Protein chains: 2
Amino acid sequence: MAPKQNTAAEMGDTRRNIIKAAEGLFMEYGYRAISTRKIADTCGLTQPALYHHFPNKKSLYVEVVRNYLYEMQTGLERIIKRHPDLEDSLYRVTRYIILHQPKKLSQMFHDIEYEMTVEDQMMISQCWSEAYQIPISSIFERAAAEGTLKDPDSLKATTSIYSHIFMSMLSHPLPGDSKTLDQRARLYTEVILRGLSVENM
Amino acid sequence: MAPKQNTAAEMGDTRRNIIKAAEGLFMEYGYRAISTRKIADTCGLTQPALYHHFPNKKSLYVEVVRNYLYEMQTGLERIIKRHPDLEDSLYRVTRYIILHQPKKLSQMFHDIEYEMTVEDQMMISQCWSEAYQIPISSIFERAAAEGTLKDPDSLKATTSIYSHIFMSMLSHPLPGDSKTLDQRARLYTEVILRGLSVENM
DNA sequence: CCTACCGATCGGTAGG
DNA sequence: CCTACCGATCGGTAGG
């Protein structure tokens, strides 16, 4: 019985399967909590077979993150290009992020900070910046130029800090699951743009 | 040579030392990433000695979280009782939380959700509610009664959701370390109360 | 509170 | 892509 050997096309399929299975597991439970055996089981492989596609666990994780961030970047850039209005753009971006964000984005940050090498951290933080920071900051930049946004200098901030705060708001899902996606997105947009107080100014 | 045996008072000291050492480690690196040996080393003990003070790793973690949440509750209640004004109160609470919050609060949530038993989760979520949710909601409740806060119903929300969003904003520290504590707290207070847009209403 | 040690599980390798 | 296996590390226990 010859051991199974796949064609190049099948290899590529298997590789994509592994990345998608690992994405779901890593993002929900974290890097340390997921063993290579668990990932292999989910794909219907034995654990050593993973090492035919990736040199080690860490580089599989890096591929998962790169792949996820690239998809997010593509999605956000598409929305922002098509919707120039500040509130409309923020609402659509919020919807998109809530829908596509892995359960715990902060889990991902933690794993990158404590489990990856410095080189990987730098590469990933570049991808992160291109996927989230730059697209969202560009919304605020555009609005600041139009005069519909508070001048960042007046708050001793920047549009980059604005986008950081906005992303933070979205990173912990609201507890009440009764609300619709639309309601959640409208609530976040309202709060980030106009705040909670009644008397404005 | 008789093995070392401590008095009851010394036992209590050792216990507190363990909790404080474990707090720093667990909150920064996460439950799984910190071994019982690492905690013991930090306290100058051998690993099996920990089991003289706590039945297992999980119950030590639970004590760490309870202790942390209780200190936070005391601090927040004291501030809120003394400062009735909405903006003033939020500013002081923000300062206090930034100063006393463990590096990654979301790390704590993840560990509680995935590493603790359901019974411990229920007990801790009770403590969490008393430490954060109830005190911060009470600020918003008071302001809503005064009419200085947007009616939660009008946004299909509640003061509890307001406080959840507010806490989310604070849970990821701002990247630029150049800003002072005061600047950070003022920025958060401004954004949560009045938002980022210029035209209000 | 220590020394000595256990069974389980981990990431990764050898060899086919 | 599989079987078989390694060294390291983990949480926890025995016994004094």
Side-chain angles (χ1 to χ4, degrees), chain A residues 1-23 25-26 28-65 111-112 114-117 120, chain B residues 1-23 25-26 28-65 111-112 114-117 120:
Chain A
M1 209 53 143
K4 187 176 176 194
Q5 281 294 122
N6 280 344
T7 66
E10 287 169 337
M11 281 278 291
D13 283 351
T14 304
R15 192 187 148 88
R16 274 186 290 278
N17 284 343
I18 295 171
I19 289 179
K20 274 301 164 189
E23 175 176 329
L25 293 168
F26 278 144
E28 173 152 10
Y29 299 98
Y31 182 76
R32 265 187 203 267
I34 295 301
S35 68
T36 52
R37 282 165 179 82
K38 179 82 180 171
I39 296 168
D41 284 351
T42 306
C43 306
L45 299 174
T46 58
Q47 181 245 12
L50 289 183
Y51 291 82
H52 190 63
H53 299 272
F54 302 91
N56 50 47
K57 185 186 181 185
K58 183 178 70 58
S59 64
L60 167 57
Y61 185 80
V62 169
E63 272 319 293
V64 165
V65 172
D111 288 337
I112 292 165
Y114 291 105
E115 312 280 355
M116 300 297 120
T117 65
D120 289 331
Chain B
M1 208 55 142
K4 187 176 175 195
Q5 281 294 120
N6 280 344
T7 66
E10 286 168 337
M11 280 276 292
D13 284 350
T14 304
R15 193 187 148 89
R16 273 184 292 276
N17 283 343
I18 295 171
I19 289 179
K20 274 302 163 189
E23 175 176 329
L25 292 167
F26 279 144
E28 174 151 11
Y29 298 99
Y31 181 76
R32 266 203 202 293
I34 296 301
S35 68
T36 53
R37 282 165 179 82
K38 178 81 180 171
I39 296 169
D41 284 351
T42 307
C43 306
L45 298 175
T46 57
Q47 181 245 14
L50 290 183
Y51 291 81
H52 191 62
H53 298 272
F54 302 91
N56 50 46
K57 185 186 182 185
K58 184 179 69 58
S59 65
L60 167 56
Y61 185 80
V62 169
E63 272 319 294
V64 165
V65 172
D111 288 336
I112 292 165
Y114 291 105
E115 312 281 355
M116 301 297 119
T117 65
D120 288 331

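In what follows, chains carry the letters A, B, and so on, assigned in the order in which the sequence lines appear, proteins first and then strands, with residues in each chain numbered from 1. Predicted model, so just to flag it, every value in this text is computed and none were measured.
Among residues two or more places apart in sequence or in another chain, the side chain to side chain donor-acceptor pair (under 3.5 Å) test is passed with B:Tyr114 by A:Glu28. Take B:Arg15 and apply the side-chain contact (heavy atoms from CB on, under 4.5 Å) test, not counting sequence neighbours, and it matches B:Ile19, B:His53, B:Phe54, B:Glu63. The side-chain contact (heavy atoms from CB on, under 4.5 Å) search around A:Lys20 returns A:Glu23, A:Asn67, A:Glu71, not counting sequence neighbours.
Contact check, A:Thr46 against D:dC1: no side-chain N or O comes under 4.0 Å of OP1 or OP2. At D:dC1, one or more side-chain N or O atoms of A:His53 fall inside 4.0 Å of OP1 or OP2 (strictly under the cut-off).
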Dot-bracket pairing map - DNA chain C, Watson-Crick plus G-U, both contacts under 3.5 Å, | cross-strand: ||||||||||||||||
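The distance between atom CD of B:Glu115 and atom C1' of D:dC10, rounded to the nearest whole Å, is 13 Å. At whole-Å resolution of the value, CZ in A:Arg15 and P in D:dC1 are 13 Å apart. Atom-to-atom, CG of A:Asp41 to P of D:dC1 comes out at 15 Å; the value is rounded to the nearest Å.
Interatomic distance, B:Leu50 CG to B:His52 NE2, rounded to the nearest 0.5 Å: 11.5 Å.
Stacking of B:Lys57 on the aromatic ring of B:Tyr31 is recorded, both the 6.0 Å distance cut-off and the 45° axial limit being met.
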In a table with atom names and distances, give each donor-acceptor pair under 3.5 Å that connects a side chain of residues 35-46 of chain B to protein atoms at least two apart or in another chain.
unit_1, atom_1, unit_2, atom_2, d
B:Ser35, OG, B:Lys38, N, 3.1
B:Thr36, OG1, B:Gln47, NE2, 3.0
B:Thr42, OG1, B:Lys38, O, 2.8

Write out a two-atom table: protein N or O, nucleotide N or O from nucleotides 11-15 of chain C, distance below 3.5 Å.
unit_1, atom_1, unit_2, atom_2, d
C:dG11, OP1, A:Lys57, NZ, 2.6
C:dG11, OP2, A:Thr36, N, 2.9
C:dG11, OP2, A:Thr36, OG1, 3.0
C:dG11, N7, A:Arg37, NH1, 2.9
C:dG11, O6, A:Arg37, NH2, 3.1
C:dG12, OP2, A:Tyr51, OH, 2.9
C:dG12, OP2, A:Lys57, N, 2.7
C:dG12, N7, A:Gln47, OE1, 3.4
C:dG12, N7, A:Gln47, NE2, 2.7
C:dG12, O6, A:Arg37, NH2, 3.4
C:dG12, O6, A:Gln47, OE1, 3.1

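A donor-acceptor contact closer than 3.5 angstrom links the side chains of A:Asn56 and A:Ser59.
Counting only heavy atoms from C-beta outward, the side chains of B:Lys58 and B:Met116 approach each other to under 4.5 Å.
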